Every structure is written in structure tokens, then in C-alpha cells.
Amino acid sequence: MAEKGEEMKLLATWFSPFAHRVIWVLKMKGIEYEYVEEDLGNKSPLLLQSNPVHKKVPVLIHNGKPLAESLVIVQYLDSISKSSPVLPDDPYQRAMALFWTNFVEEKFTDHVRKVLFLGGEEQAAGAKGAEAALATLEEQLAKKKSKFFGGESIGLVDIALGYISVWLEVIEEVGGIKVFDSEKFPCLAKWMQDFLEIPTVKENHPNKADLIPYLRGLRQLGPAGAFQQH
Ligand SMILES: N[C@@H](CCC(=O)N[C@@H](CS)C(=O)NCC(=O)O)C(=O)O
């Protein structure tokens with residue numbers, strides 16, 4: 001995959017942590033694809049047609065069929081390519097991986113958006129929520145006693161949470177508020193280091209030096225402007 005004659009096109013934008021989830025999996029699985037950079041201030045007709053519900057990147061178009069939502073795309077890729085699996089075969093382990101992936105999105109990522117784009121009490125509540133979610137994830141990882149949430153290699157939960165290995169510091173710097181304390185979260189701190197060591201990840205992550213000014217600009221747009229784009 002993608003076999004000769006197959007068309008795999010990824011609509012993405014350079015900084016998107018959600019697009020990076022898909023890129024890591026495409027690369028890990030050795031799936032060839034065409035990368036199309038989207039300008040979120042002037043979305044292409046192809047993006048609008050392919051993801052009419054959310055109008056967001058990433059979108060993957062496989063042989064003309066569009067798929068949206070990073071974690072849906074990752075699961076689709078896992079079902080069409082058996083190499084470097086991200087979900088276990090065992091039904092219970094698989095269900096648990098989906099449970100924790102949902103937890104990352106609902107209890108962590110949603111709060112992180114508030115830390116990045118809001119101020120005052122709303123931002124403080126976001127930081128508190130994000131920190132509480134990290135505490136739960138720390139506990140899970142400590143119990144697992146494995147290098148990654150997926151075991152000795154990365155799985156869906158690692159892919160969902162992986163963006164924090166670069167983004168946490170950036171979020172704290174741009175938001176001007178602390179969320180992560182490596183003394184409180186030693187397993188996650190080690191996990192972030194190990195995650196960043198994975199060659200596919202290392203080579204496909206935005207630069208902190210590029211992200212910080214870009215996100216500062218978005219933050220200045222205020223919650224409405226920033227949330228519209230992200
Ligand atoms: N839940 C979505 C989030 C995607 C998302 O928020 N993408 C942002 C870029 S990081 C976007 O396309 N924003 C455009 C907009 O909101 O108009 C996923 O996991 O794919």
C-alpha cells in the first residue's frame with residue numbers, strides 16, 4: 001500500500017498536530033502518498049468538498065474516497081495495511097486502546113485548546129483540566145510498565161497523545177501558563193523522550209521555533225478567530 005495505480009492524497013497544513021498523527025502512520029506503514037498543503041485562511045474547493053461537515057484538515061483521499069478526522073483516518077490506515085499495526089488484534093485490548101484514545105481527545109485535547117486560545121478563568125480551567133487528564137494518563141502508563149501505551153512499540157493512544165512531545169512546551173510558552181511538571185509526571189516525561197526518539201516522529205514534527213510565533217499570532221486573533229481556524 002499504496003499499490004501501483006492507487007491514489008493516496010493527504011490534505012494537511014504544516015503545523016497541524018492532527019495531520020501529524022496521520023503522517024506518522026503513513027510513514028510507519030510505508031504508504032506512499034501525495035502531500036497537499038492547505039491554506040486554512042483560504043480553504044481549497046477540494047478540502048471543502050471532501051470534509052463538508054467540519055471543513056478541517058487532515059483529510060485523506062484514497063482512490064477518490066475522502067476520509068476526515070485524524071483518528072478515524074489512522075484506524076482506516078490500520079485496517080488496510082497490516083504493517084506496523086497501531087491497534088491490537090485482541091478485541092478487549094483493542095476496545096481499551098479506543099477507550100484511552102477517546103479519553104485523550106475529550107479530556108485532554110479539548111482542554112489544551114482552551115489553554116492555547118483563551119485567557120483568564122477559562123484558560124485556568126483548561127490548564128486544570130489538562131493537568132488532571134495528564135495525571136490519569138500518568139497513572140495508566142505507570143501501571144502498564146511498558147515503554148509506550150501500545151506496549152514496546154507505539155499504538156493508537158501514543159499516536160493520539162504524541163503531539164504533546166513538541167506541543168506542551170509551546171502551549172505553555174504561548175499560553176503563559178504551566179500545565180506539565182516532569183517531577184509530577186515522570187512516566188510521561190520519559191514517554192515523551194522515547195516518543196521523540198522514533199525516527200518517523202523526529203523527522204515529521206513542526207519546529208518549536210516556527211510554531212511559537214505562528215500560534216502567538218493566532219492567539220492574538222482572540223478566541224473567536226482562533227477557534228474558527230482550530
Ligand atoms: N478532530 C479533528 C481536528 C482537526 C483540526 O482541528 N484541524 C485544524 C487544523 S489543526 C483545522 O483544519 N482547522 C480549520 C478550521 O477549523 O476551520 C481531527 O482530529 O482531525
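No experiment lies behind these values; they were computed from the predicted model shown. In each ligand, atom 1 is the first atom listed, and ligand 1 is the first ligand listed.
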* For ligand 1, is any non-hydrogen atom under 4.0 Å from His20's backbone (N, CA, C, O), its side chain (CB onward), both, or neither? -> neither
* Structure fact -> Atoms of ligand 1 under 4.0 Å from any heavy atom of Pro58, numbered from 1 in the order shown, are 20 (O)
* Asked: Looking only at heavy atoms, is any part of Lys43 under 4.0 Å from ligand 1, and if so is it the side chain, the backbone, or both, or is it neither?
  -> side chain
* Structure fact -> Between Ile154 and the options Thr200, Ile198, Val86, the side-chain contact (heavy atoms from CB on, under 4.5 Å) test singles out Ile198
* To do: May I ask you to check if ligand 1 and Glu69 share an N or O to N or O distance below 3.5 Å?
  => yes
* Asked: Any ion pair linking Glu131 and Lys178 (charged N to carboxylate O, less than 4.0 Å)?
  -> no
* With under 30° as parallel and over 60° as perpendicular, where do the rings of Phe185 and Phe180 fit, or are they tilted in between? -> tilted
* Can you tell which of Val115, Val112, Ile164 makes a side-chain contact (heavy atoms from CB on, under 4.5 Å) with Val179? -> Val115
* To do: Could you establish whether Val57 and ligand 1 come within less than 4.0 Å of each other, counting only heavy atoms on the residue side?
  => yes
* **Distance flag, aromatic centroids of Trp167 and His205, threshold under 6.0 Å** => no
* To do: Using distance alone, decide if ligand 1 has a nitrogen or oxygen within less than 3.5 Å of any nitrogen or oxygen in Glu105.
  => no
